[in-house]
Amino acid sequence: MTVTDHHTSKDAAPAIADPRIVAWVERMAALTEPDSVVWCDGSAAERRGLIATLLDSGTLIELDPVKRPGSYLARSNPSDVARVESRTFICTDKKEDAGPTNNWAPPSGMRETLHGLFRGTMRGRTMYVVPFAMGPVGGPLTRYGVQVTDSPYVVASMGTMTRMGTAALKQIGPDTSWVPAAHSVGAPLAAGQEDVAWPCSDTKYICQFPATREIWSYGSAYGGNAILAKKAFALRIASAIGQDEGWLAAHMLLLKVTNPRGRVFHVAAAFPSACGKTNFAMLQPTVPGWTVETLGDDIAWLAPGPDGRLRAINPEAGFFGVAPGTGRSTNPVAIDTMERDTVFTNVALTDDGDVWWEGLTDEPPAHLTDWTGQDWTPDSGRPAAHPNSRFTVAAAQCPTIADDWDDPAGVVVDAVIFGGRRATNVPLVAQARDWEHGMFMGATLASERTAAAEGTVGELRRDPFAMLPFCGVHMADHWRHWLDVGAAADVAGGAPAVFQVNWFRKGADGRFLWPGFGENIHVLAWILERLEGRAEAVEGPFGYVPAEGSIDHAAAGVGDQDWGALFALDRGALTAEAEDAKAFLDSYGERVPPAIHDQLRTMRSAIDTLD
Ligand code: OXD
Ligand code: MN
């Protein structure tokens, strides 16, 4: 190693920095050999400087300052557009602790590999030190981390997605645990070598070490791989911390709903990636009298509060949402949220300096520059925006952000919802009979694949708790933990009620049977009326479904026939579904809690009684 003859110009570490952080940063600098080290303070001036750097390097293109003030477009390398699940590793001493759903690697071997890759990886670049808080700074549920990265694009993204900078750093004292997160794009620059707009590497590793609460990410600047506060910390590492400390890291949006009588509810909902979570989080009710406000669109941390009831915070400070499919008619709130101060990645550029993506408007513009920088016209025969193109924007900019979204104590969760993208079998909505049944719904959740990760779009995969790519512990242990935390909350004064929804069921002709979007309020209203004992239900294999007349489906534009089809039970298809669920549970081996197997048996008996 050539650390001794390598000259690094260093920002002095801030005096308030905990010596453990300073020592780690020094070790990382010695390993990665950056030209300079910059400690980020999270100020507006610092952000302006980062943006200037990114404009200079061509990573960002400034959008028209009148049409889209303070906003920029980034075009990634076409090979770096999504999370790389095949390169994501959970490094536990024992393989069985990572479980059957994770790529496993032994910590010592992986550490050796990573040290090899990180050696000299920041040559010719700046290493930024990014202290951050997940949750409101100083809050009881808040946790801290420090990311080092050689990507100013990632620093800017972390600045939007987390509470980043000095305020977070100040909270980390000698007794505070914090997560070190090392990130490099894996593209060192030789002396005089010109940089590219989106440096990255063909070699990619996204590694979590749950026991030591460490993250190492190499080779990608795509948000899901590189904003390490998000999936890597707030889900993978946090699921391990939560298991030790008695709380839950959930891939869930958070909503506040006020009913026509003024009663307020909070709802946490898990959907696999790109199933319209942001749309649901920003729902604009079509039924008068109901108000829906947003607390979070992706991640929730749930912990028992002082009274034992489950409370939740959104640990993030921004939205990293999927752009395609977001339009004024489908999600006007998101459109208003990103009218300024937004970084867009891999969307198309209009000739007048604005952005466009499929679904933004019904009619595409006659000419665009597509996400790869090529000319595009409506008959180009390819999408103008990448299907996983994104917007990154501060949560506080959302016009429907709830007043309690950053309450450090969190909000009491009244209902938990699990949803997947299912063309068949799964009804529009069902209520679990109890917490254990709800955990079965979560454990067996399945969805058709989307573009948020590599893989064949449309293929059905089980995605338990929507956590398949995000669980830092054995998945079945995660279920057991949910069962335990809920049981304790139940004793203490009531666990949330649990529901399952499916906005995506199709008719025999391939049409969606349910309009979705703002009309989802009909379903949400039924869910909350169930909590108040005001809505009727009938029992079936999926639990309680709406009784005839308890949802005014005609008001949602759904005729009787389609309504019936949204709840149709086909004995043959459901038997196959249950068989598949059994094979799935069996593949998890002996750690599956008996309560989950019991629930499957109950469901199979109910299916057997169908005509
Ligand atoms: C996301 C995802 O980006 O779930 O939120 O993939
Ligand atoms: Mn997500």
Side-chain angles (χ1 to χ4, degrees), residues 74 76 80-88 101-102 134 154 157-158 160-162 204 206 208 217 220-239 248-255 268-282 294-301 312 314-326 331 334 337-338 343-347 357 385-393 395 417-421 442 445-455 457 459 461-472:
S76 81
D80 196 22
V81 293
R83 286 184 291 98
V84 282
E85 292 178 10
S86 58
R87 306 299 308 155
T88 301
T101 55
N102 285 311
M134 297 312 283
V154 170
S157 305
M158 286 283 291
T160 303
M161 297 304 297
T162 72
K204 291 182 173 50
I206 319 296
Q208 286 68 205
S217 166
S220 170
Y222 168 74
N225 301 322
I227 304 171
L228 299 183
K230 192 175 177 62
K231 303 301 190 180
F233 180 172
L235 291 176
R236 297 192 192 103
I237 294 293
S239 56
L248 300 161
H251 190 205
M252 288 183 172
L253 62 89
L254 269 182
L255 284 180
F271 292 80
S273 304
C275 275
K277 270 169 88 175
T278 305
N279 291 341
F280 193 45
M282 297 178 183
T294 311
L295 285 91
D297 80 328
D298 196 38
I299 298 175
W301 287 351
N314 169 12
E316 301 192 275
F319 306 131
F320 177 62
V322 179
T326 310
N331 190 341
T337 304
M338 54 180 133
V343 174
F344 298 90
T345 304
N346 290 337
V347 302
W357 50 79
H386 187 276
N388 191 37
S389 52
R390 299 278 174 150
F391 55 87
T392 310
V393 67
I417 299 177
F418 294 105
R421 182 182 285 272
L445 190 64
S447 195
E448 287 137 26
R449 263 183 192 274
T450 66
E454 352 90 298
V457 171
E459 183 184 81
R461 71 168 179 176
R462 295 272 165 193
D463 190 348
F465 284 75
M467 282 288 276
L468 188 66
F470 307 123
C471 200

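Just so you know, ligand 1 is whichever comes first in the structure, and atom 1 is the first atom listed for that ligand.
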Rounded to the nearest 10 degrees, what's the angle NE2 of His251 makes with NZ of Lys231 at the Mn ion (ligand 2)? Could you check?
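Vertex at the Mn ion (ligand 2): approximately 90°.
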Classify the ring geometry of Phe233 against Trp301: parallel below 30°, tilted from 30° to 60°, perpendicular beyond 60°.
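Plane angle between 30° and 60°, so tilted.
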In ligand 1, which numbered atoms sit nearer than 4.0 Å to a non-hydrogen atom of Asp298?
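Those of ligand 1 that fall under 4.0 Å from Asp298 are 5 (O).
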Closer than 4.0 Å to some heavy atom of Ser273 - which atoms of ligand 1 meet that?
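In order of numbering, the contacting atoms are 2 (C), 4 (O), 6 (O).
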I'd like to check which ligand 1 atoms, numbered from 1 as shown, lie under 4.0 Å from a non-hydrogen atom of Phe470.
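Numbered from 1, ligand 1 contributes 4 (O).
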When you compare the side chain of Phe319 with that of Thr278, does any pair of heavy atoms fall below 4.5 Å?
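Of all side-chain heavy-atom pairs linking Phe319 with Thr278, none is under 4.5 Å.
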Just to be sure I'm reading this right: ignoring hydrogens, which of Glu85, Arg390, Arg83, Met467 gets closest to atom 3 (O) of ligand 1? Compare them by their nearest heavy atoms.
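It is Arg390 whose heavy atom sits nearest to atom 3 (O) of ligand 1.
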Measuring from the Mn ion (ligand 2), name the closest N, O or S atom belonging to Asp298.
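In Asp298, the N, O or S atom with the shortest distance to the Mn ion (ligand 2) is OD1.
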Can you tell me how far the CE atom of Met252 sits from the CG atom of Leu235, to the nearest 0.5 Å?
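Nearest 0.5 Å value for the CE-CG distance: 10.5 Å.
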Give the atom numbers and elements of ligand 1 that come within less than 4.0 Å of a heavy atom of His251.
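Close to His251: 4 (O).
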If you measure every N or O of Tyr222 against every N or O of ligand 1, does any of those distances drop under 3.5 Å?
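No, since none of the N or O atoms of Tyr222 sits under 3.5 Å from an N or O of ligand 1.
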Should Lys277 be listed as contacting ligand 1, given a heavy-atom distance under 4.0 Å as the test?
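Per 4.0 Å heavy-atom rule, Lys277 does not contact ligand 1.
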Run the numbers for me: atoms of ligand 1, each under 4.0 Å from some heavy atom of Lys231, listed by number.
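Checking each atom against Lys231, I get 1 (C), 2 (C), 3 (O), 4 (O), 5 (O).
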My understanding is that only one of Thr88, Asn102, Leu228 makes a side-chain contact (heavy atoms from CB on, under 4.5 Å) with Gln208; could you say which?
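Of the listed residues Thr88, Asn102, Leu228, the side-chain contact (heavy atoms from CB on, under 4.5 Å) partner of Gln208 is Thr88.
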For the pair Arg87 and Ser220, evaluate side-chain hydrogen bond (donor to acceptor under 3.5 Å, both in side chains) and give the outcome as yes or no after the intermediate values.
CA-CA 11 Å; Arg87 306 299 308 155; Ser220 170; over 6 Å; no
Does the side chain of Ser76 come under 3.5 Å of the side chain of Asn346 through a donor N or O and an acceptor N or O?
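Ser76 vs Asn346: donor-acceptor pair found between side chains.
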Exam field: side chain Ser239 to backbone Gly472, donor-acceptor pair closer than 3.5 Å
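Checking the backbone N and O of Gly472 against the side chain of Ser239, a donor-acceptor pair under 3.5 Å is found.
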